[in-house]
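Predicted, not measured: the structure shown is a model, and the values here were computed from it.
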Amino acid sequence: MKQFKAESKKLLDMMINSIYTNKDIFLRELISNASDAIDKRRFLSLTKSELSDEFKIVVVADKAARTLTVSDNGIGMTKDELENNLGTIATSGTLKFKQEQQQQSDDSLIGQFGVGFYSAFMVASKVEVETRSAGEDGGWKWTSSGAEGYDIKACEKAEIGTVIKLTLKENDEDCNYSDYLSEYKIRSLVKTYSDYIRYPIVMDVTKSRKADGGDGYTEYTETETLNTMTPIWKMAKKSVKKEDYDKFYRTTFHDFRAPSRVINVNIEGNINYTALLFIPEKQPANYYSKDYEKGIALYSSGVLIQEKCAKLLPDWLGFVRGVVDSPDLTLNLSREVLQQDRQLRFIADSLRKKILADFKKWLKSDREGYEKFFKELGEGIKYGVYENFGEKKDELKDLVVFGSSTEKNAVTLAEYVSRMKEGQEGIYYACGESAEKIDAQPQLEKLKSDGYEILYCTQRVDEFCLMTLGEYDKKKFVNALKAGEHSDSEEEKNEDVKSLLDDFKKLLGNKVHDVRMSSRLVSHAVCLTAEGEVSIEMERVFRASGEGVRAEKVLELNPEHELIKKLIKRHKSGEGFETLAFTLYDEAALMALGEVDDPAAFVTRVNSLMK
């Protein structure tokens with residue numbers, strides 16, 4: 001028995017016990033290596049026709065013998081190649097072959113992986129490799145039971161190619177190794193990891209049919225191809241129908257609805273990749289919960305590397321589903337981790353730009369469809385504006401849409417600016433739980449009656465988004481619900497009115513920052529607003545997230561309203577002032593906050609005023 005080199009022996013132990021985190025991937029590695037071997041033979045057959053064949057990978061499970069066999073009719077190995085590739089761990093014959101052929105135009109067909117063979121020892125107590133190289137008369141057999149060493153001897157092998165036979169370990173408390181001999185498990189592993197290997201992966205499977213002339217069923221064996229081979233994202237776009245995309249999306253991402261948008265990406269350059277992305281019709285039920293896993297499936301030459309690669313898209317595009325396939329990724333031994341993060345950053349940056357470019361086309365070509373998408377998932381785009389102190393705000397500012405006080409449908413910022421009145425300096429907006437509640441706010445009456453359009457912001461991130469933008473087309477954003485200008489009448493100069501405002505403020509205590517007369521109220525007597533950086537709507541958002549940030553609330557009074565005139569009289573006479581004052585404050589709080597501090601006291605005061 002030959003011994004592994006000391007460093008190889010140590011590496012083998014690491015690969016079996018540390019490098020791979022999931023035993024299931026051993027079959028992926030063996031199939032990928034078989035595919036690489038066929039790639040090499042197919043490449044050589046372009047100039048040596050005698051090497052042409054009907055290429056395939058065969059999987060055989062023998063439950064009685066507890067063996068699982070993976071065979072291919074690829075290029076095979078010589079004795080020296082067996083010694084070099086399997087005797088010295090981490091030497092990739094495939095990579096060496098690729099380097100030798102780098103002058104050829106078709107070298108992209110050559111796989112890059114070779115060392116994954118040793119993952120077989122995670123599930124096998126013994127591994128046997130029988131191989132015959134093209135151009136040789138006989139074959140060679142490599143046998144090993146693990147780190148103690150290996151044997152190589154001549155063997156009879158009629159066909160060019162390689163057969164790898166695993167004798168599975170006995171079941172233990174950590175793993176039921178017998179599962180890897182079941183048709184269901186093998187099908188599942190192929191479907192998950194190797195479905196898009198370009199060559200057929202075949203296996204004899206057991207089926208049943210109705211017995212002739214009887215009611216029972218008889219079993220029979222049939223050879224079946226387990227993999228799809230050609231991924232839908234590699235097909236020519238014009239050859240794929242909408243129903244094909246819909247079926248792939250529903251099946252892959254377990255959504256009974258069809259996607260609202262399909263985005264195809266094909267990039268050729270320093271790093272090549274293909275992507276097929278989907279925009280869901282509805283927001284996933286758990287989208288904002290900690291259980292939701294964001295990420296795009298990452299493939300390398302059709303082999304699944306990560307089922308959900310979170311680094312491919314920013315969090316604010318976490319609703320996007322799909323796959324990315326690149327032949328140029330530099331992976332570690334287990335293929336589970338990218339060795340060069342810059343490759344992933346390049347793809348992520350490119351993907352983001354492609355998605356946003358597609359959104360801009362969507363907005364122009366299918367406004368109704370885009371507005372439906374934005375109503376359901378557009379909050380993520382607004383979070384993208386706000387994230388990282390507005391790092392991407394210039395990319396996103398023309399994609400956000402808002403409700404409007406004058407338009408039936410949602411509007412873009414560019415559309416709002418195009419309709420601004422002559423001399424209007426700012427973009428007015430107002431935040432609230434719904435357009436109906438915003439529309440009922442008293443402090444908007446005068447702006448609307450004067451013909452100004454107001455953006456209605458009903459999503460919790462809206463105000464943060466607009467504050468991050470700061471301005472659009474050199475027009476600043478103005479919160480129409482914040483504290484307005486003081487009344488321009490002579491009312492506040494009156495000593496009685498000044499005394500009223502002082503006493504009203506003392507009466508309310510820390511409920512408000514100030515009480516003042518206002519010129520912007522029309523039919524309403526009062527309104528509750530805020531001044532400073534934190535608006536009432538922002539306080540609501542902070543409070544919902546458990547933060548104690550408070551707005552500096554201002555109670556505005558309409559000096560022309562009969563109730564305020566009555567309040568002035570009551571304050572002067574001293575009769576019923578507090579009851580009316582608290583009632584007016586509660587009225588303002590109901591309109592602005594949707595609640596009062598003490599509902600029972602509010603009802604009692606209203607009843608007393610009705611007597």
Exercise. Between Tyr472 and Asp398, is a side-chain hydrogen bond (donor to acceptor under 3.5 Å, both in side chains) present by the stated rule, with each step listed?
Worked result: CA-CA 10 Å; Tyr472 182 88; Asp398 288 314; 2.5 Å; yes
Problem set entry | side-chain hydrogen bond (donor to acceptor under 3.5 Å, both in side chains) between Glu556 and Thr529, intermediate numbers included | CA-CA 7 Å; Glu556 298 186 30; Thr529 62; 2.9 Å; yes
Problem set entry | Stepwise side-chain hydrogen bond (donor to acceptor under 3.5 Å, both in side chains) check, His571 with Asp503 | CA-CA 9 Å; His571 176 260; Asp503 288 347; 2.6 Å; yes
For this session: Using the side-chain contact (heavy atoms from CB on, under 4.5 Å) rule, take Leu329 and Ile347 through it: C-alpha gap first, then chi angles, then the decisive distance, then the call.
Result: CA-CA 10 Å; Leu329 299 175; Ile347 295 175; 3.9 Å; yes
Exercise. Run the ring pair (Phe, Tyr, Trp, His ring centres under 6.0 Å) check on Phe253 and Tyr245 step by step: do they pass?
Worked result: CA-CA 12 Å; Phe253 302 104; Tyr245 285 130; over 10 Å; no
For this session: Please assess Tyr386 against Asp462 for the test side-chain hydrogen bond (donor to acceptor under 3.5 Å, both in side chains), listing each intermediate value before the final yes or no.
Result: CA-CA 9 Å; Tyr386 175 67; Asp462 280 350; over 6 Å; no
For this session: Before giving the answer on side-chain contact (heavy atoms from CB on, under 4.5 Å), spell out for Met467 and Leu469 the whole-Å C-alpha distance, their side-chain angles and the decisive distance to 0.1 Å.
Result: CA-CA 5 Å; Met467 288 182 67; Leu469 285 173; over 6 Å; no
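For the pair Cys309 and Leu312, the minimum side-chain heavy-atom distance is below 4.5 Å. Using a 4.5 Å heavy-atom cutoff, the side chains of Phe278 and Phe248 are in contact. Contact annotation: the side chain of Leu444 approaches that of Ile454 to within less than 4.5 Å [non-hydrogen atoms, C-beta and beyond]. Considering only heavy atoms from C-beta on, Val385 stays 4.5 Å or farther from Lys392 through its side chain. Ile305 is not listed as a side-chain neighbour of Tyr193, based on a closest heavy-atom distance of 4.5 Å or more. Side chains of Leu557 and Ser518 form no contact here, defined as non-hydrogen atoms less than 4.5 Å apart. Between Asn264 and Leu277 the shortest side-chain heavy-atom distance does not fall below 4.5 Å. Between Met517 and Leu500 there is a side-chain heavy-atom pair separated by less than 4.5 Å.
For the pair Lys282 and Phe319, the cation does not sit on the ring face, since its NZ or CZ is not both under 6.0 Å from the ring centre and inside 45° of the axis. A cation-pi arrangement, defined by a distance under 6.0 Å to the six-membered ring centre and an angle within 45 degrees of its axis, is present between Lys421 and Tyr452. A cation-pi contact links Arg460 to Tyr288, judged by a cut-off of 6.0 Å to the six-membered ring centre and 45° from its axis.
Shown here for Gln459 and Phe374, the closest heavy-atom pair between the two residues is NE2-O, 4.2 Å. Contact record, Met591 with Gln441: O-NE2, 2.6 Å, taken as the closest heavy-atom pair. Considering all non-hydrogen atoms of both residues, Ser404 and Glu453 come closest at OG-OE2, 2.7 Å. Closest non-hydrogen pair, Gln424 versus Lys475, comes out as O-NZ, 3.8 Å. Pairing each heavy atom of Thr583 with each of Thr579, the nearest pair is OG1-O, 2.6 Å. Across all their heavy atoms, Gly426 and Met420 have their closest contact at O-CE, 3.5 Å.
Remark: the backbone N or O of Gly269 is paired with a side-chain donor or acceptor of Asn272 at under 3.5 angstrom. Not a single donor-acceptor pair under 3.5 Å links the side chain of Thr274 to the backbone N or O of Lys234. For Glu376 (side chain) and Gln283 (main-chain N/O), a donor-acceptor pair under 3.5 Å exists by modelled atom type. A donor-acceptor pair under 3.5 Å links the side-chain atoms of His561 to the main chain of Leu563, judged by distance alone. The backbone N or O of Arg605 lies less than 3.5 Å from a partner atom in the side chain of Ser608, making a donor-acceptor pair. A donor-acceptor distance shorter than 3.5 angstrom exists from the side chain of Tyr416 to the backbone of Tyr428, with no hydrogens or angles considered.
Here Tyr370 and Phe373 bring their ring centres to under 6.0 angstrom of each other. In summary, the aromatic rings of Trp233 and Tyr299 are positioned with their centroids under 6.0 Å apart.
For the 3.5 Å distance criterion, the side chains of Tyr249 and Asp244 fail to qualify, holding no donor opposite an acceptor. Thr458 and Glu433 are not linked by any side-chain donor-acceptor pair at a separation below 3.5 angstrom, with hydrogens and angles left out of the test.
Counting heavy atoms of neighbouring residues, nucleotides and ligands inside a 6.0 Å radius, atom CG of Asn270 does not exceed 12 of them. Within a 6.0 Å radius of CD in Glu425, other residues, nucleotides and ligands contribute 12 heavy atoms or fewer. With a 6.0 Å radius and a threshold of 12 heavy atoms from other residues, nucleotides or ligands, Lys247 has its NZ atom at or below the threshold. For CD of Glu471, the number of neighbouring non-hydrogen atoms (other residues, nucleotides, ligands) closer than 6.0 Å is greater than 12. For NZ of Lys354, the number of neighbouring non-hydrogen atoms (other residues, nucleotides, ligands) closer than 6.0 Å is 12 at most. The neighbour count for Glu547 CD, taken as heavy atoms of other residues, nucleotides or ligands under 6.0 Å away, is above 12. By the 6.0 Å contact criterion, CZ on Arg550 is open, its count of non-hydrogen atoms from other residues, nucleotides or ligands being 12 or less. The number of heavy atoms from other shown groups lying within 6.0 Å of NZ (Lys448) is above 12.
A salt bridge links Glu539 with Arg543: the distance from a Lys NZ or Arg NE/NH1/NH2 to an Asp or Glu carboxylate oxygen falls below 4.0 Å. Between Asp514 and Lys553 no salt bridge is recorded (no basic side-chain N to carboxylate O distance below 4.0 Å). A salt bridge links Glu371 with Arg367; the closest basic N to acidic carboxylate O contact falls under 4.0 Å. Lys566 and Glu562 are not joined by a salt bridge, as no carboxylate oxygen comes within less than 4.0 angstrom of a charged side-chain nitrogen. With respect to Asp255 and Arg250, no salt bridge is recorded, no charged nitrogen being found less than 4.0 Å from a carboxylate O. Salt bridge status for Asp450 with Lys446: present, with a side-chain N to carboxylate O gap under 4.0 Å. Here Glu552 does not pair with Lys482 in a salt bridge; the nearest charged N to carboxylate O distance is not below 4.0 Å.
None of Arg352, Lys360, Lys353 except one satisfies the side-chain hydrogen bond (donor to acceptor under 3.5 Å, both in side chains) rule with Glu395; the exception is Arg352. Checking each of Asp328, Asn266, Leu351, Asp325 against Tyr273 for a side chain to side chain contact (heavy atoms under 4.5 Å, CB included) leaves exactly one that passes, namely Leu351.
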